[in-house]
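The next block holds one structure in the form of structure tokens; read it before the comments.
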Amino acid sequence: MHRMSTPAPPLSGLRVLDLATLFAGPLAATHLGDFGAEVIKVEHPGRPDPSRGHGPAKGGVGLWWKVLGRNKRTITADLSSRGGRAVLLRLAATADVVIENFRPGTLEKWDLGWAELSAANPRLVLTRVTAFGQFGPYARRPGFGTLAEAMSGFAALTGEPDAPPTLPPFGLADSIAGLATACAVLTALAARERTGAGQVVDMAIIEPILSVLGPHPTWYDQLGHVQERTGNRSANNAPRNTYRTADGLWVAVSTSAQSVAERVMRLVGRPELIEEPWFATGADRAAHADVLDEAVGSWIAARTRAEVLAAFEKAEAAAAPVHDVRDVLADPQYQALDTITTVPDPDLGPLRMQNVLFRLSATPGAIRWAGRPHGADTDAVLTELGLTPAEIAALRREGAL
């Protein structure tokens, strides 16, 4: 009886050089690594990726890096040095993808632009991730995801009507751009299958967040319509809000479907509201949100969260608990999906973090290891390239590694 072999991950055989920092570019490389790509993280010898020092640390070990750096081999190279440039060109000749987020013109200043990289490897996909893109009046400005959250209209839409625009307390624009960048890389690689040639991906962090904000530009173009801040309410349906329960917890309710809105009103003992002429459409219900919020909110306020959620489930109405991270880790649905999985780590022992993005039935992704120390794989990777110990030592002496 022979043992069935485990199928190779879908991106095995793909080599990605991650030259980027904070956060969209590295996150795209993480997503590719989760599905089997060999990701080589290239960091400056004296200035590691700042994400190693972002947020809480345990015993001097940055925890954010453990997530962002997972499934990556780590090497050091000063790309502005002669020796570091030579190392990168040798690496690029063996790679499929380079992801970088330097300001436009920086790679060119080091003679590592598209001309040099594509000469070293015509099949290379050079992925350039910047705040504003490679051209235009803002291209050379420094920028972070926060600026994209402001410029895109996201902040203007977020918050209570009488409160300031609200920025997210996490890297939303960077995370969306990271997903979009991974998609862009795979699209360029698909094109390479047909053409045999690589190309340049130009990813501006200010753009993908606009794509998830919906039809606002079209509404304005056609109707002059500008959506105002509505807090947790929606302009398209009601009741839609967060409501406090008797035990001081919170639930969120949505009634995007008319049938669900009707079920909610029957559940909370206000079936007569269904007969109101304005109840027939989501937009008209939204115009009467005060009435609906009072009906739903008072019913929920008299019950514990467990009672509310059980009643909504029985009524086939849509509600969910408002979780904090403690609740996420304890939630039985997330547990069933293994959404937060455990990764063994030599520095910290068992380490819990988000699992890979999605499940594939035949060729699943996996977290093979958490983020590794700065430069941990430099000697191994350069030896695989054919450099001798003496050559590696010489590069180190001159500060290139």
Side-chain angles (χ1 to χ4, degrees), residues 8-44 48-49 51 65-77 79 84 87-102 107 112-114 116-118 120-130 174-175 177-193 197-203 205 356-358 360 363-372 374-378 380-382 384-385:
L11 300 183
S12 60
L14 196 71
R15 177 173 268 200
V16 177
L17 307 183
D18 175 8
L19 317 184
T21 58
L22 294 180
F23 283 99
L27 186 59
T30 302
H31 293 318
L32 299 171
D34 285 351
F35 287 91
E38 180 200 5
V39 180
I40 299 173
K41 175 77 176 180
V42 184
E43 297 173 85
H44 189 281
D49 186 326
S51 67
W65 168 252
K66 285 294 179 184
V67 180
L68 192 65
R70 71 193 196 190
N71 291 336
K72 299 180 183 182
R73 302 170 81 191
T74 58
I75 74 168
T76 58
L79 304 184
V87 164
L88 187 75
L89 286 173
R90 285 183 71 162
L91 271 173
T94 72
D96 299 281
V97 179
V98 169
I99 300 176
E100 63 96 1
N101 73 333
F102 300 106
L107 282 185
L112 285 171
W114 176 239
E116 292 82 7
L117 290 172
S118 61
N121 181 357
R123 289 174 55 81
L124 190 69
V125 171
L126 173 60
T127 307
R128 317 195 77 164
V129 185
T130 56
D174 273 305
S175 299
L179 291 167
T181 301
C183 177
V185 166
L186 296 175
T187 303
L189 291 171
R192 190 181 72 175
E193 289 297 303
Q199 60 183 299
V200 178
V201 172
D202 177 5
M203 176 61 68
I205 295 171
V356 301
L357 269 176
F358 47 84
L360 295 179
T363 56
I367 303 171
R368 301 182 297 285
W369 62 83
R372 288 172 55 69
H374 182 227
D377 302 292
T378 303
V381 170
L382 297 192
E384 291 165 14
L385 277 181

Notebook entry, point to check: Is a side-chain donor or acceptor of Glu43 paired with a backbone partner of Asp49 at a separation under 3.5 angstrom?
Noted result: yes

Check: Which pair of non-hydrogen atoms, one from Gly375 and one from Thr76, has the smallest distance, and what is that distance?
Finding: CA-CG2, 3.7 Å

Note to self: According to salt bridge (charged side-chain N to carboxylate O under 4.0 Å, His left out), who are the partners of Lys72, at least two apart in sequence or on a separate chain?
What the structure shows: Asp18

Check: Where do Val16 and Val185 land on the side-chain contact (heavy atoms from CB on, under 4.5 Å) test, with the steps shown first?
Finding: CA-CA 10 Å; Val16 177; Val185 166; 5.9 Å; no

Notebook entry, point to check: When rounded to the nearest 0.5 angstrom, what is the spacing between OG1 in Thr181 and CG in Leu27?
Noted result: 8.5 Å

Notebook entry, point to check: Where is the tightest heavy-atom contact between Thr363 and Pro10, given as atom of each residue plus distance?
Noted result: O-CD, 3.0 Å

Next item on the list: Return the minimal non-hydrogen interatomic distance between Leu68 and Phe23, and the atom names on each side.
Entry: CD2-CD2, 3.7 Å

Margin query: Donor-acceptor pair, distance only, cut-off 3.5 Å: does the side chain of Lys66 make one with the backbone of Gly371?
Written below: yes

Note to self: Can a donor-acceptor pair be found, under 3.5 Å and without considering hydrogens, that links the side chain of Asn101 to the backbone of Thr21?
What the structure shows: yes

Note to self: Working to the nearest 0.5 angstrom, can you tell me the gap between Leu89 CG and Asn121 CG?
What the structure shows: 10.5 Å

Next item on the list: Of all the heavy-atom pairs spanning Val39 and Ala29, show the shortest one and how long it is.
Entry: CG2-O, 3.5 Å

Next item on the list: Check the pair Leu14, Leu189 against side-chain contact (heavy atoms from CB on, under 4.5 Å), reporting the backbone distance first and the verdict last.
Entry: CA-CA 10 Å; Leu14 196 71; Leu189 291 171; 3.7 Å; yes

Checklist line | Spacing of CD belonging to Gln199 relative to CG belonging to Leu126, to within rounding of 0.5 Å | finding: 10.5 Å

Check: How long is the gap from CD1 on Ile40 to CG on Asp377, to the nearest 0.5 Å?
Finding: 8.5 Å

Checklist line | CG on Leu357 to NE2 on His31, rounded to 0.5 Å | finding: 4.5 Å

Check: Taking all atoms of both residues into account, what is the closest heavy-atom pair of Ala184 and Met203, and its distance?
Finding: CB-CE, 4.3 Å

Next item on the list: Could you grab the distance from atom CZ of Phe35 to atom CG of Asn71, nearest 0.5 Å is fine?
Entry: 10.0 Å

Checklist line | Exercise: identify the closest heavy-atom pair between Ile75 and Thr378 | finding: CA-OG1, 3.2 Å

Check: Got a donor-acceptor contact below 3.5 angstrom from the Asp96 side chain to the Arg15 backbone?
Finding: yes

Margin query: When you measure from the side chain of Glu116 to the backbone of Gly113, do you find a donor-acceptor pair of N or O atoms at a distance under 3.5 Å?
Written below: yes

Check: Is a donor on one side and an acceptor on the other found under 3.5 Å between the side chain of Arg192 and the backbone of Val125?
Finding: no

Next item on the list: Run the numbers on Trp65 and Thr74 for side-chain contact (heavy atoms from CB on, under 4.5 Å), then give the verdict.
Entry: CA-CA 12 Å; Trp65 168 252; Thr74 58; 3.9 Å; yes

Checklist line | Stepwise side-chain contact (heavy atoms from CB on, under 4.5 Å) test for Arg73 and Glu38 | finding: CA-CA 8 Å; Arg73 302 170 81 191; Glu38 180 200 5; 2.8 Å; yes

Check: Considering only heavy atoms from C-beta outward, does the side chain of Leu91 approach that of Val381 to under 4.5 Å?
Finding: yes

Next item on the list: Verify, without hydrogens or angle tests, whether His374 (side chain) and His44 (backbone) share a donor-acceptor contact under 3.5 angstrom.
Entry: yes

Check: Can you tell if the side chain of Glu384 reaches within under 4.5 Å of the side chain of Thr94, non-hydrogen atoms only?
Finding: no

Next item on the list: Answer yes or no: is there a side-chain heavy-atom contact under 4.5 Å between Leu186 and Leu11?
Entry: yes

